[in-house]
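Worksheet: one structure, shown below.
Since the model is a prediction, treat every value here as computed from it, not as a measurement. To find a chain, count down the sequence lines: A is the first, B the second, and so on, and within it residues start at 1.
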Amino acid sequence: MDNTRRVRVRFAPSPTGPLHMGGVRTALYNYLFAKKHGGDFILRIEDTDQERLVPGAEEYIINALKWCGIEPNEGIGFGDGDCAPYRQSDRKNAGVYAQYADQLIQSGHAYYAFDTKEELDEQRKRYETMGKAFAYNALTRQNLKNSLTLSEDEVKTRIAAGEHYVIRTKIPRNEEIRFHDIIRGWVVVHSSQLDDKVLFKSDGMPTYHLANIVDDYSMKISHVIRGEEWLPSAPLHVLLYRFLGWEEVMPQFAHLPLILRPDGNGKLSKRDGDRLGFPVFPLTGELLDVKTGQPEKFTGYREKGYYPEAFINMLALLGWHGSSNQELFTKEELIEAFSLERVSKSGAKFDAEKTKWFNQQYLRKRSDAELAAELLPMLKEQGIETTPAFAEAICRLLKEKVQFSYELRDQCGYFFNDPAGYDEGVIAKRWNEQNAAFMKSLADAFNGLGEWTAATTEACFKATAETAGINAGQVMQLFRVCISGLGGGPVLFELVELLGKETIVRRLHNAVNTIGK
RNA sequence: GGCCCGUUCGUCUAGGGGUUAGGACAUCAGAUUUUCAUUCUGGUAACAGGGGUUCGAUUCCCCUACGGGCUACCA
């Protein structure tokens, strides 16, 4: 293995829909690995399947990566490098793939096949009734319509006549294929288990397998970091590198464990988000569904109020763990700490609760001023105009209580408006004549108070309670309800100080006049 | 079905031939805040099962079970 080679990795999504969080994590690991080793990170679009192409999907992928801060330094949407173009349909039009298919045919590692889709489906059905699975392989290809069974003349005639054909790999009959995976160690597969995969489709497009190998080779990719769903086809890829004579520069493989559904079984899919109530995608959007062809809306982490740093941090820890117990990482720290060897082998069930916790951690790291800058526009949207200083004070009081910045907005109503209602549970439990009288005398006492601070109002509150012969603790929460309407909230007398004497006294009177009437 | 990959608290994971099997989320309890929450402290909770190898296995090997992936002219 050539370890002196420059590290070049790629993220190669297929634009068949919105990029989901599993894809984002694959991109992230590629990015971290590239940065860690001072290498290059490339975005290549694998759009060889023209039928499943979804308009706008490519743009979505680019925007999602940008929001996450996972920026390739080469490739579609991020500026061309020496290996342009980076979209496989463009590369096909530039004629990069056909020559290699020809080379494989010349060297006897591939052949033309004329069997139609219908014919092959029939074969599959026939095998199924016999309780077997059909595979186009060393055993069956002798009985099918291909350049191995047809005469050279007939092959030429058919092609000249414009008959549709595909090019298939000629997998050796009896060979052990072994390759080293950085995460899994040695993986061994016998060639008899492989089928003669199509390399070139009848529409003239290469399949993933050919395009992928050719592009990784010509883009000088040093490490292939991709999802575990590719593990079964890795032996085919190894064979192709060998057939093409590129074994010396074959990239090292690292197959990532899958992200699984939090409940039940299976890998995380599109639908799970709506069903379980968490986003599966980074950004909210609407794209055509590949299967139905109908437009489909989906929600994203961004719109649900998550910070990209939190999202990325969560994703990084889902399947990877550093050598210490550290869980909160800046992007720079992630780059520093990341290594493929520490990626786990088994699939990880996604935990939406922990993701929220990550967001909370990042929210708390923000200054009151930064949070206020987020809160201000949200308030404006609701027709509330206020000063940055007041918004900052709100954030200071509320930030310990929330996980998302929108909760700041949702919970700050009483900073601007008198309560329209009062927490019924607390009222039912605490409101009586004696306490009502207390609130009245408290209003009077507050009214006569000189200096208005958290400390003076608290002292005044306690003194008034004592005079009335009431345990302060008994009326504390009730007082909170009287001035805010809610049973819970920030540190009480800090809130009192911020709201000011006039407001507090007025709300106290309102409460006495409203509650229980 | 076949092939491949995997299996440590409910979840994400650390660890690794001899450990009180560690951390985080969640959960529970106590303290503090004379309120709710925050915060702090503490607790419950795991090596899938069976065989080996070994003085000793959760760690290494094998089998079984379970989970996952792939099995298209999709990626």
Side-chain angles (χ1 to χ4, degrees), chain A residues 12-16 46-49 51-52 88 113 115-117 120-121 124 128 131-136 164-168 181 183-185 187-190 192-195 197-209 211-212 226-235 255 257-258 260 262 264-267 290 314 317-328 342 344-358 364 398-402 423 425-426 430 458 461-462 465 471-481 484 486-492:
Chain A
S14 183
T16 53
E46 309 221 329
D47 59 345
T48 52
D49 188 348
E51 277 176 35
R52 301 202 315 153
Q88 288 185 331
D115 319 86
T116 64
K117 232 175 175 170
L120 292 175
D121 281 342
R124 273 184 261 275
E128 208 173 310
K132 290 189 200 166
F134 170 77
Y136 208 120
H164 282 230
Y165 65 88
V166 301
I167 297 175
R168 287 181 180 272
D181 184 282
I183 296 167
R184 281 148 217 287
V187 176
V188 184
V189 177
H190 196 90
S192 61
Q193 301 302 325
L194 269 35
D195 64 342
K197 278 272 179 287
V198 171
L199 261 21
F200 242 92
K201 300 185 265 193
S202 57
D203 66 357
M205 283 299 257
T207 61
Y208 168 85
H209 302 291
N212 189 264
R226 67 209 331 181
E228 191 185 356
E229 70 268 26
W230 293 109
L231 196 50
S233 46
H255 289 94
L258 266 15
L260 273 17
N265 325 113
K267 68 173 169 178
V290 228
M314 175 278 293
L317 268 292
L318 202 59
W320 171 85
H321 197 278
S323 50
S324 73
N325 277 333
Q326 184 179 355
E327 294 211 277
L328 263 14
R342 296 194 64 89
S344 20
K345 293 180 178 71
S346 49
K349 282 189 183 174
F350 173 68
D351 183 359
E353 284 308 311
K354 187 131 189 190
T355 310
K356 289 180 188 165
W357 176 80
F358 273 111
R364 287 182 182 182
L398 251 28
K399 78 190 278 192
E400 292 300 320
K401 309 186 64 66
V402 301
D423 185 296
V426 177
R430 299 282 187 200
E458 183 169 1
F461 181 90
K462 286 175 180 172
N471 186 329
Q474 300 289 305
V475 282
M476 201 81 121
Q477 195 182 12
L478 189 60
F479 170 55
R480 178 192 289 285
V481 171
S484 75
L486 304 176
V491 186
L492 193 45

Taking [X] for its side chain and [Y] for its backbone only, find out whether a donor-acceptor pair lies under 3.5 Å.
| X | Y | answer |
| --- | --- | --- |
| A:K462 | A:A472 | no |
| A:S14 | A:D47 | no |
| A:R184 | A:H255 | yes |
| A:K201 | A:T48 | yes |
| A:S233 | A:W230 | yes |
| A:S344 | A:S346 | no |

[atom1]-based separation of [M] from [N] [nearest Å]:
| N | M | atom1 | answer |
| --- | --- | --- | --- |
| B:A26 | B:U59 | P | 32 Å |
| B:G49 | B:U41 | P | 34 Å |
| B:C60 | B:A24 | P | 26 Å |
| B:A45 | B:C28 | C1' | 11 Å |
| B:G1 | B:U64 | P | 14 Å |
| B:A65 | B:C25 | C1' | 29 Å |
| B:U20 | B:C9 | C1' | 16 Å |
| B:U27 | B:G10 | C1' | 9 Å |

Any [X] side-chain nitrogen or oxygen under 4.0 Å from OP1 or OP2 of [N]:
| X | N | result |
| --- | --- | --- |
| A:T48 | B:A75 | yes |
| A:R124 | B:G1 | no |
| A:K201 | B:C74 | yes |

- Is there a donor and acceptor pair, one atom on the side chain of A:R184 and one on the base of B:C5, closer than 3.5 Å? no

Considering every strand and a 4.0 Å limit on heavy-atom distances, what is the contact class for [X]: base, sugar-phosphate, or nothing?
| X | answer |
| --- | --- |
| A:D49 | sugar-phosphate |
| A:K462 | base |
| A:V166 | base |
| A:R168 | sugar-phosphate |
| A:D115 | base |

Provide the Watson-Crick or G-U wobble partner of [N], both distances under 3.5 Å; none if there is no partner.
| N | result |
| --- | --- |
| B:A72 | none |
| B:U27 | B:G43 |
| B:A48 | B:U64 |

- Query: What do the steps show when you test A:R430 against A:Q477 for side-chain hydrogen bond (donor to acceptor under 3.5 Å, both in side chains), and what is the final call?
  - Reply: CA-CA 9 Å; A:R430 299 282 187 200; A:Q477 195 182 12; 5.4 Å; no

- Among the nucleotides B:C4, B:A72, B:A75, whichever has the atom closest to the side chain of A:E46 is B:A75

- Minimum-distance nucleotide (side-chain atoms of A:Q193 versus B:C74, B:C3, B:G6): B:C3

With sequence neighbours excluded, what pairs up with [X] under the ring-ring contact (aromatic ring centres under 6.0 Å, His included) test?
| X | value |
| --- | --- |
| A:Y136 | none |
| A:F350 | A:F278 |
| A:W320 | A:F329, A:F338 |
| A:H209 | A:H237 |

List in chain and number order the residues that pass salt bridge (Lys or Arg N to Asp or Glu O under 4.0 Å) with [X], two or more places apart in sequence or in another chain; answer none if no residue qualifies.
| X | result |
| --- | --- |
| A:D115 | none |
| A:R342 | none |
| A:D49 | A:R52 |
| A:E229 | none |

Could you tell me the separation between the [atom1] atom of [X] and the [atom2] atom of [N], rounded to a whole number of Å?
| X | N | atom1 | atom2 | result |
| --- | --- | --- | --- | --- |
| A:L199 | B:A75 | CG | P | 11 Å |
| A:L328 | B:G23 | CG | C1' | 13 Å |
| A:I183 | B:C4 | CD1 | C1' | 16 Å |
| A:Y208 | B:C73 | OH | P | 17 Å |
| A:L120 | B:U71 | CG | C1' | 15 Å |
| A:H209 | B:A72 | NE2 | P | 10 Å |
| A:F134 | B:A72 | CZ | P | 9 Å |
| A:K197 | B:C74 | NZ | P | 11 Å |

- Message: I'd like to compare against my own output: the B/S/- annotation of nucleotides 10-15 of chain B with a strict under-4.0 Å heavy-atom distance to protein.
- Response: -SSSSS

- Note on the structure: Contact string for nucleotides 35-41 of chain B, one letter per nucleotide 5' to 3', B = base within protein heavy-atom range under 4.0 Å, S = sugar-phosphate only, - = neither, reads BBBSS--

Short N/O separations, protein against nucleotides 46-49 of chain B, under 3.5 angstrom:
none

- Query: Mapping A:T355 and A:K345 to their closest nucleotides on RNA chain B, which lands nearer the 5' end?
  - Reply: A:K345

- Query: Which sits closer to the 5' end of RNA chain B, A:V187 or A:S202, going by the nucleotide each is nearest to?
  - Reply: A:V187

Polar-atom pairs under 3.5 Å, protein N or O versus N or O of nucleotides 30-33 of chain B: list them with distances, or write none.
none

- Are A:D351 and A:K349 close enough for a salt bridge, meaning some N to O gap below 4.0 Å? no

- Given side chains that start at C-beta, do those of A:N212 and A:E46 come closer than 4.5 Å, heavy atoms only? yes

